[in-house]
Amino acid sequence: MTAALPELADGDYYYQSLGGGRFRSTIHAQGAWNEHEQHMAPASGLMADSLERHEPRADMRMARLSYEILGLIPGGGFHIETTTLRPGRTIELLQAELVANGRVAIRATAWRMITGDTAAVAAVEDTAIPAPDECKPLDGPAIWPGGYIRSLEMRVAEGHRPGAGIVWLRTQHPLTDKADSGDLARLMGLVDTANGIAARVPPGKDSYAFPNLDLQIHMYRRPEGEWLGLDNAVTFGTDGIGLTSTVLHDLQGPFGRAEQILTLRRT
């Protein structure tokens, strides 16, 4: 695709905050499929941050984030509109929309749920993965183009192959120039990378493109820290549709799952 390159902000962060829910992306938010677009990962982190800041309640946390990608996400300027769709005493449904060039590019909804002490019955079936210091450096930019991929530190575990693998990610860049986002937003800003860490086919010419149309995240524990672990499996169906499925980890262990539906296209 060809398009005019957007006017980007200049800074060592993903987004410049312009006030009133308005932002401008930097080169670090640049996408991998097209150089004039944003990568879904930092955009989803910024939307998670907006949702977390919307009418917060100390007795609740976000347990599910659902993103619908409604088209190409333009680089440059945009704004985020956040609302409460369903208020409630024990559960609330929030919505955020990323609006660029007069259209909604991403729509996100989040279930916020009341918390309580369930330690007596707590149990996790997802298995632990090797820690980052047990893994080898991974050169992401050798596989994928774009400013976002270049912004990451990546580690890969033994046994990685096309279609499945374990990768750890972190970034030194804050979401915005204010550098005041929490761990949840920072880690949610890395999750969408899951669709590229164990690609079944190499990206590029004479292969297949496999962009995701959505990102669904379920969290049975609130994540912490700067490292995100992705235990990943990619399925390609026979009729042009695929699925990337990922167990999400921080340094304390697994905390949730992510799913991404894929459209498979010849390049």
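All figures in this text were calculated on a predicted structure; none of them were measured in a lab. Below, each value reflects all heavy atoms present in this structure, side chains not excepted, and no hydrogens, waters or symmetry copies.
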Chemist: Other than Tyr13, what residues sit in its cluster of Ile, Leu, Val, Met, Phe, Trp and Tyr side chains whose heavy atoms are under 4.5 Å apart, directly or through others?
Modeler: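 Hydrophobic cluster check, Tyr13: no partners found.
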Chemist: Minimum heavy-atom separation for Gly88 and Arg57, please, with both atom names.
Modeler: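 Taking every non-hydrogen atom into account, O-NH1, 2.9 Å.
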Chemist: Can you name the closest pair of heavy atoms from Phe210 and Ala199 and give their distance?
Modeler: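 For Phe210 and Ala199, the tightest heavy-atom pair comes out as CZ-CB, 3.5 Å.
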Chemist: Between atom CG of Leu264 and atom CD1 of Ile241, what is the distance when rounded to the nearest 0.5 Å?
Modeler: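 Here the interatomic distance stands at 8.0 Å.
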Chemist: Are the side chains of Arg112 and Leu51 in touch, meaning some heavy atoms are under 4.5 Å apart?
Modeler: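 No, side chains not in contact.
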Chemist: Quick one: do Arg24 and Asp177 make a salt bridge, cutoff under 4.0 Å?
Modeler: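 Salt bridge absent between Arg24 and Asp177.
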Chemist: So how far is it from Arg61 CZ to Ile114 CD1, rounded to the nearest 0.5 Å?
Modeler: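 Between Arg61 CZ and Ile114 CD1, I get 12.5 Å after rounding to 0.5 Å.
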Chemist: Using a 4.5 Å cut-off on heavy atoms from C-beta on, say whether the side chain of Glu68 contacts that of Gln216.
Modeler: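 Sidechains of Glu68 and Gln216: in contact.
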Chemist: Assess whether atom CD of Gln16 is packed by more than 12 heavy atoms of other residues, nucleotides or ligands within 6.0 Å.
Modeler: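 Above 12, so yes.
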Chemist: For Asp192, which residues count as a salt bridge (Lys or Arg N to Asp or Glu O under 4.0 Å) partner, sequence neighbours excluded?
Modeler: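 With sequence neighbours excluded, Asp192 shows a salt bridge (Lys or Arg N to Asp or Glu O under 4.0 Å) to no residue whatsoever.
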Chemist: When the side chains of residues 158-166 are checked against the rest of the protein, which donor-acceptor pairs come out under 3.5 Å, sequence neighbours left out?
Modeler:
from, atom 1, to, atom 2, distance (Å)
Glu158, OE2, Lys136, NZ, 3.2
His160, NE2, Ile197, O, 2.6

Chemist: Assigning hydrophobic clusters by single linkage (Ile, Leu, Val, Met, Phe, Trp, Tyr; side-chain heavy-atom cutoff under 4.5 Å), is Leu18 placed with Ile27?
Modeler: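 Each belongs to a different hydrophobic cluster.
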Chemist: With clusters defined by side-chain heavy atoms of hydrophobic residues (ILVMFWY) lying less than 4.5 Å apart, directly or transitively, does Met62 cluster with Phe255?
Modeler: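 Linked within one cluster.
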Chemist: Is there a donor-acceptor pair under 3.5 Å between the side chain of Arg53 and the backbone N or O of Ser50?
Modeler: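 Side chain of Arg53 to backbone of Ser50, a donor-acceptor pair under 3.5 Å: no, none is there.
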Chemist: Using the salt bridge (Lys or Arg N to Asp or Glu O under 4.0 Å) criterion, which residues pair with Arg186? Sequence neighbours excluded.
Modeler: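 Result, salt bridge (Lys or Arg N to Asp or Glu O under 4.0 Å) vs Arg186: Asp183.
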Chemist: By ring pair (Phe, Tyr, Trp, His ring centres under 6.0 Å), which residues pair with His249, not counting sequence neighbours?
Modeler: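 In terms of ring pair (Phe, Tyr, Trp, His ring centres under 6.0 Å), with neighbours along the sequence ignored, His249 is linked to no residue.
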Chemist: Report the distance from atom NE2 of His54 to atom OG1 of Thr83, rounding to the nearest 0.5 Å.
Modeler: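 Reported value, rounded in 0.5 Å steps: 6.0 Å.
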Chemist: With a 4.0 Å cut-off, would you call Arg222 and Glu224 a salt bridge?
Modeler: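 Result for this pair is no, no salt bridge flagged.
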Chemist: Is the shortest heavy-atom distance from the side chain of Met219 to the side chain of Leu184 under 4.5 Å?
Modeler: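 Yes, close enough: below the 4.5 Å cut-off.
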Chemist: So does Tyr14 get a backbone contact from the side chain of Thr26, meaning a donor-acceptor N/O pair under 3.5 Å?
Modeler: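 Between the backbone of Tyr14 and the side chain of Thr26 there is a qualifying donor-acceptor contact (under 3.5 Å).
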Chemist: Would Arg107 and Tyr67 count as a cation-pi pair here, with the cationic atom under 6.0 angstrom from the ring centre and within 45° of the axis?
Modeler: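 No - Arg107 does not lie over the ring of Tyr67 by the 6.0 Å and 45° rule.
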Chemist: What's the verdict on side chain to side chain contact (heavy atoms under 4.5 Å, CB included) for Ser44 and Leu215, showing C-alpha distance, side-chain angles and the deciding distance?
Modeler: CA-CA 9 Å; Ser44 57; Leu215 173 62; 4.2 Å; yes
Chemist: Going through the checks in order, is the side-chain hydrogen bond (donor to acceptor under 3.5 Å, both in side chains) test met by Thr109 and Gln95?
Modeler: CA-CA 4 Å; Thr109 56; Gln95 177 178 277; over 6 Å; no
Chemist: Might you point out which heavy atoms bring Asp250 and Pro223 nearest each other, and give the distance in Å?
Modeler: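 Smallest interatomic distance, heavy atoms only, reads OD2-CA, 3.4 Å.
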Chemist: Side-chain contact test, heavy atoms from C-beta onward, threshold under 4.5 Å: evaluate it for Arg150 versus Pro141 and give yes or no.
Modeler: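 Counting from C-beta outward, Arg150 and Pro141 do come under 4.5 Å.
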Chemist: Identify the heavy atoms of Ala110 and Leu65 that sit nearest to each other, and give their distance.
Modeler: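 Closest approach of Ala110 to Leu65: CB-CD2, 3.6 Å.
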Chemist: Hydrophobic cluster mates of Leu85, side-chain heavy atoms under 4.5 angstrom, ILVMFWY only, any path?
Modeler: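 Hydrophobic cluster check, Leu85: joined to Ile91, Leu93, Trp111, Met113.
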Chemist: Are Gln38 and Tyr15 close enough that some pair of their side-chain heavy atoms sits under 4.5 Å apart?
Modeler: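 Sidechains of Tyr15 and Gln38: in contact.
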Chemist: Which side-chain N or O atoms in residues 75-82 pair as donor and acceptor under 3.5 Å with protein atoms at least two apart or in another chain?
Modeler:
from, atom 1, to, atom 2, distance (Å)
His79, NE2, Glu81, OE2, 2.8

Chemist: Same hydrophobic cluster for Leu230 and Val247, using side-chain heavy-atom links shorter than 4.5 Å among ILVMFWY?
Modeler: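 No.
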Chemist: With heavy-atom distances below 4.5 Å as the criterion, would you say the side chains of Trp168 and Met154 are in contact?
Modeler: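 In short, these two side chains do not touch, never coming nearer than 4.5 Å.
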Chemist: Do any side-chain atoms of residues 119-135 form donor-acceptor pairs under 3.5 angstrom with protein atoms, and if so which ones, sequence neighbours left out?
Modeler:
from, atom 1, to, atom 2, distance (Å)
Asp126, OD1, Arg257, NH2, 2.4
Asp126, OD2, Tyr220, OH, 2.8
Glu134, OE2, Ala131, N, 3.2

Chemist: Would you please name every residue forming a ring pair (Phe, Tyr, Trp, His ring centres under 6.0 Å) with Trp227, sequence neighbours left out?
Modeler: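 Trp227 satisfies ring pair (Phe, Tyr, Trp, His ring centres under 6.0 Å) with no other residue.
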Chemist: Short question: side chain of Asp49, backbone of Ala185 - any donor-acceptor pair under 3.5 Å?
Modeler: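 Side chain of Asp49 to backbone of Ala185, a donor-acceptor pair under 3.5 Å: no, none is there.
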Chemist: If you group Ile, Leu, Val, Met, Phe, Trp and Tyr by side-chain heavy-atom gaps below 4.5 Å, do Ile73 and Leu8 land in one group?
Modeler: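 No, Ile73 does not connect to Leu8 through the hydrophobic network.
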Chemist: When rounded to the nearest 0.5 angstrom, what is the spacing between CD1 in Ile149 and CD1 in Ile143?
Modeler: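 So the gap between those two atoms works out to 9.0 Å.
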Chemist: Hey, does the side chain of Arg200 reach the backbone of Val234 with a donor-acceptor pair shorter than 3.5 angstrom?
Modeler: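 The answer is yes, because a donor-acceptor pair under 3.5 Å joins these two groups.
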Chemist: Can you give me the closest heavy-atom contact between Ala48 and Met188, atom names plus distance?
Modeler: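 The pair with the smallest heavy-atom distance is CB-CB, 4.0 Å.
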Chemist: Holding to side-chain hydrogen bond (donor to acceptor under 3.5 Å, both in side chains), I want the full list of residues that pass it with Ser17, two or more places apart in sequence or in another chain.
Modeler: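 side-chain hydrogen bond (donor to acceptor under 3.5 Å, both in side chains) list for Ser17, sorted by chain: empty.
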Chemist: Verify, without hydrogens or angle tests, whether Thr246 (side chain) and Asp231 (backbone) share a donor-acceptor contact under 3.5 angstrom.
Modeler: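 Flag not set: sc Thr246 to bb Asp231 has no pair under 3.5 Å.
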Chemist: Answer yes or no: are there more than 12 heavy-atom neighbours, outside Arg89 itself, under 6.0 Å from its atom CZ?
Modeler: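 Atom CZ in Arg89 is not crowded, with 12 or fewer foreign heavy atoms closer than 6.0 Å.
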Chemist: Rounded to the nearest 0.5 Å, what separation is found between the CZ atom of Arg64 and the CD1 atom of Ile217?
Modeler: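 So the gap between those two atoms works out to 10.5 Å.
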Chemist: Members other than Val104 in its cluster, when Ile, Leu, Val, Met, Phe, Trp, Tyr link by side-chain heavy atoms under 4.5 Å?
Modeler: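 Listed partners: Leu70, Val99.
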Chemist: Out of curiosity, does Leu243 fall in the hydrophobic cluster containing Tyr208 (side-chain heavy atoms, cut-off under 4.5 Å, transitive links)?
Modeler: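 Shared cluster, no.
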Chemist: Quick one: CZ on Arg103 to CG on Leu72, what's the gap to the nearest 0.5 Å?
Modeler: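 Interatomic distance, Arg103 CZ to Leu72 CG, rounded to 0.5 Å: 6.5 Å.
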Chemist: Indicate yes or no: at least one non-hydrogen side-chain atom of Leu190 is less than 4.5 angstrom from one of Leu152.
Modeler: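 Side-chain contact under 4.5 Å: yes.
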Chemist: Where do Ala209 and Thr267 come nearest, in terms of heavy atoms and distance?
Modeler: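 Looking at all heavy atoms of both residues, the shortest contact is N-CG2, 3.3 Å.
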Chemist: Kindly determine whether Thr263 and Leu213 satisfy side chain to side chain contact (heavy atoms under 4.5 Å, CB included), including the steps that lead there.
Modeler: CA-CA 7 Å; Thr263 174; Leu213 306 185; 3.8 Å; yes
Chemist: Tell me, which pairs form a side-chain hydrogen bond (donor to acceptor under 3.5 Å, both in side chains) where one or both residues lie in residues 234-244, sequence neighbours left out?
Modeler: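 Those involving residues 234-244 are Asn195-Thr244.
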Chemist: Less than 4.5 Å apart, side chain to side chain, heavy atoms only: is that true for Ser25 and Glu37?
Modeler: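 Not in contact.
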Chemist: When you measure from the side chain of Ser207 to the backbone of Pro202, do you find a donor-acceptor pair of N or O atoms at a distance under 3.5 Å?
Modeler: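 Yes: the side chain of Ser207 pairs with the backbone of Pro202.
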